[in-house]
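A short write-up of the structure that comes next.
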Amino acid sequence: MSDSPLPLASALHAPVLDWYAGNARTLPWREPDAGPWAVMVSEFMLQQTPVNRVLPAYATWLRRWPKPVDLAAEAPGEAVRAWDRLGYPRRALRLHAAAQAIVAEHGGKVPDSHEALLALPGVGTYTAAAIASFAFGQRHAVVDTNVRRVFARALTGTAQPTISPTAADQRLAVSALPEDEATAARWAVATMELGALVCTARTPRCADCPIRARCAWVLAGSPPYDGPPRRGQTYEGTDRQVRGRLLAVLRAAHGPVAKPSLDACWPDDVQRERALDGLVADGLVEPLDNHRFRLPA
DNA sequence: GACACGTGGCA
DNA sequence: TTGCCAAGTGT
């Protein structure tokens with residue numbers, strides 16, 4: 001397997017790091033006093049949810065549960081309730097389970113090794129690398145959708161990254177990593193920030209880009225995306241929408257909810273029952289006697 | 001590897 | 001208005 005010639009990633013280090021120094025957003029999980037737990041909470045919330053919607057929930061969450069042990073002592077349903085409308089509520093359940101694992105297996109402290117992080121519920125390759133890098137300053141390839149897009153353009157020369165993450169993305173990110181640990185950690189957050197603020201998906205602000213003169217995609221004349229069509233994620237009428245409605249009722253009710261209240265959420269009996277069964281199977285809803293339901297205790 | 005999984009803002 | 005997109009993970 002031979003690598004095709006690519007622009008020298010090391011030439012991008014200084015301009016991207018300098019740009020980050022002058023343009024990084026002030027975000028609470030990046031404050032010096034944030035700590036690993038705060039970073040971890042932010043990473044869970046930011047999985048597929050935009051920063052602006054995470055900010056208020058993040059503040060409320062950390063005020064209520066400032067340490068893993070605080071969350072671990074709660075009922076999982078309280079985590080689901082506090083998750084509010086961030087979406088993908090299974091993340092709340094997994095964060096709760098991760099907190100319990102941290103208490104049970106790591107003395108209540110967020111572990112600092114990629115391997116131990118990866119073993120936690122809800123922590124995949126990206127999140128493990130992100131926590132290890134952002135919270136502990138380690139040298140890891142932190143490959144999220146922003147980084148994949150930045151590298152696709154700057155190094156590969158394509159308008160968009162592949163639809164799903166690939167081993168090639170990971171290899172490219174590893175090869176682009178600065179050698180020095182502290183520099184690598186700044187590079188990780190800087191490339192993500194560049195993707196979030198400048199090298200955006202729809203309308204990249206190339207005029208503001210610190211590496212536009214070296215960007216393979218720009219140098220190629222910014223050719224349009226020519227890959228396979230991206231699957232639009234329909235939502236209206238899906239089980240996900242029904243699950244969302246059911247869970248919204250249960251979040252709003254601080255106690256058991258009778259079945260008729262849930263039935264009112266959705267007219268299709270078959271789909272509604274399937275969605276409710278799914279929520280129960282996922283541990284997001286707890287069935288009680290007399291056809292009542294609640295968030296898990 | 002494809003698919004399921006919430007929610008809301010924006011061009 | 002509607003489709004695209006948002007710091008992914010688990011199966």
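The sequence lines fix the lettering, A, B, ..., with proteins before strands; numbering per chain opens at 1.
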Open item on the list: At less than 4.0 Å, is any side-chain N or O atom of R91(A) found next to OP1 or OP2 of dT7(B)? Yes or no.
Closed with: no

Open item on the list: OP1 or OP2 of dT9(C) versus the side-chain N and O atoms of T127(A): is any pair under 4.0 Å?
Closed with: yes

Rounded to the nearest Å, what distance is computed from the [atom1] atom of residue [X] to the [atom2] atom of nucleotide [N]?
X       : N       : atom1 : atom2 : answer
R90(A)  : dT11(C) : CZ    : C1'   : 9 Å
Y235(A) : dA6(C)  : OH    : P     : 19 Å
Y88(A)  : dC5(B)  : OH    : C1'   : 5 Å
R85(A)  : dT7(B)  : CZ    : P     : 5 Å
Q47(A)  : dC5(C)  : CD    : P     : 20 Å

Where the side chain of [X] is defined as all heavy atoms beyond and including C-beta, which of [options] is the nearest nucleotide?
X       : options                : value
S164(A) : dT7(B), dG6(B), dA2(B) : dA2(B)
D239(A) : dA2(B), dC5(B), dA6(C) : dC5(B)
R230(A) : dG6(B), dC5(C), dG8(B) : dC5(C)
R149(A) : dT9(C), dG6(B), dA6(C) : dA6(C)

Task: Any N/O donor-acceptor pair, R202(A) side-chain to dC4(C) base, under 3.5 Å - done: yes

- [ ] Report yes or no: is there a donor-acceptor pair, N or O only, under 3.5 Å between the side chain of R240(A) and the base of dT7(B)?
- [x] no

TODO: Quote, to the nearest angstrom, the P distance that separates dT1(C) from dG6(B).
DONE: 27 Å

Open item on the list: Please report the distance separating the P of dC5(B) from the corresponding atom of dA7(C), rounded so that it comes out in whole Å.
Closed with: 22 Å

